Amino acid sequence: MNIKIEKRIGENIRTLREKAKLTQEMLAARLQVEGCDITRSAVAKIEVGQRHLYPDEIILIKNILNTSYDEIFNIK
């Protein structure tokens, strides 16, 4: 996978999370409630491009942050 793309997607997720006024801990907790086995540390790694995203995580993050796939995957 292209590290620049992963970093950009992570930055997008961080920006959207902050816009939703959620901490990394809060996002991780919401993901856990939805059945996703993830920690705050994993969310932090996603946001800096050090951890890959799984499809189910992307879907849940999109829903929790009330955003679109276009906003998550905007790499311009």
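The figures that follow rest on heavy atoms only: side chains count, while hydrogens, waters and symmetry mates do not. Everything numeric here is computed off the predicted structure, so don't read it as measured data.
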### Leu16-Ile59 co-clustered via ILVMFWY side chain contacts under 4.5 Å
yes

#### Entry: Set of salt bridge (charged side-chain N to carboxylate O under 4.0 Å, His left out) partners for Arg40, sequence neighbours left out
none

Hey, can you pull the donor-acceptor pairs under 3.5 Å for the side chains in residues 29-39, sequence neighbours left out?
residue	atom	partner	partner atom	Å
Gln32	NE2	Ile38	O	2.4
Thr39	OG1	Ser41	N	3.4
Thr39	OG1	Ala42	N	3.1

### Audit row: Ile13, Val43, side chain to side chain contact (heavy atoms under 4.5 Å, CB included) steps and yes/no
CA-CA 9 Å; Ile13 290 171; Val43 171; 5.9 Å; no

#### Entry: Pairs meeting criterion salt bridge (Lys or Arg N to Asp or Glu O under 4.0 Å) with involvement of residues 55-76, two or more places apart
Arg51-Glu57

#### Entry: salt bridge (Lys or Arg N to Asp or Glu O under 4.0 Å) contacts in which one or both residues fall within residues 8-18, not counting sequence neighbours
Arg8-Glu11, Arg17-Glu47

### Query
When rounded to the nearest 0.5 angstrom, what is the spacing between CD1 in Ile72 and CD1 in Ile9?
9.0 Å

### Task
Measure the spacing between CG of Asn12 and CZ of Phe73 and express it to the nearest 0.5 Å.
9.5 Å

### Message
If the condition is side chain to side chain contact (heavy atoms under 4.5 Å, CB included), which residues does Thr23 pass it with, not counting sequence neighbours?
### Response
Glu25, Met26

### Task
Specify the closest pair of heavy atoms between Ala20 and Leu65, including all atoms of both residues, with the distance to one decimal.
CB-CD2, 4.1 Å

### Message
Pair Tyr54, Leu60 - check side chain to side chain contact (heavy atoms under 4.5 Å, CB included), show working.
### Response
CA-CA 10 Å; Tyr54 294 99; Leu60 291 174; over 6 Å; no

### Message
I want to check something: taking the side chain as every heavy atom from C-beta on, are Thr67 and Ile61 in contact at a cut-off of under 4.5 Å?
### Response
no

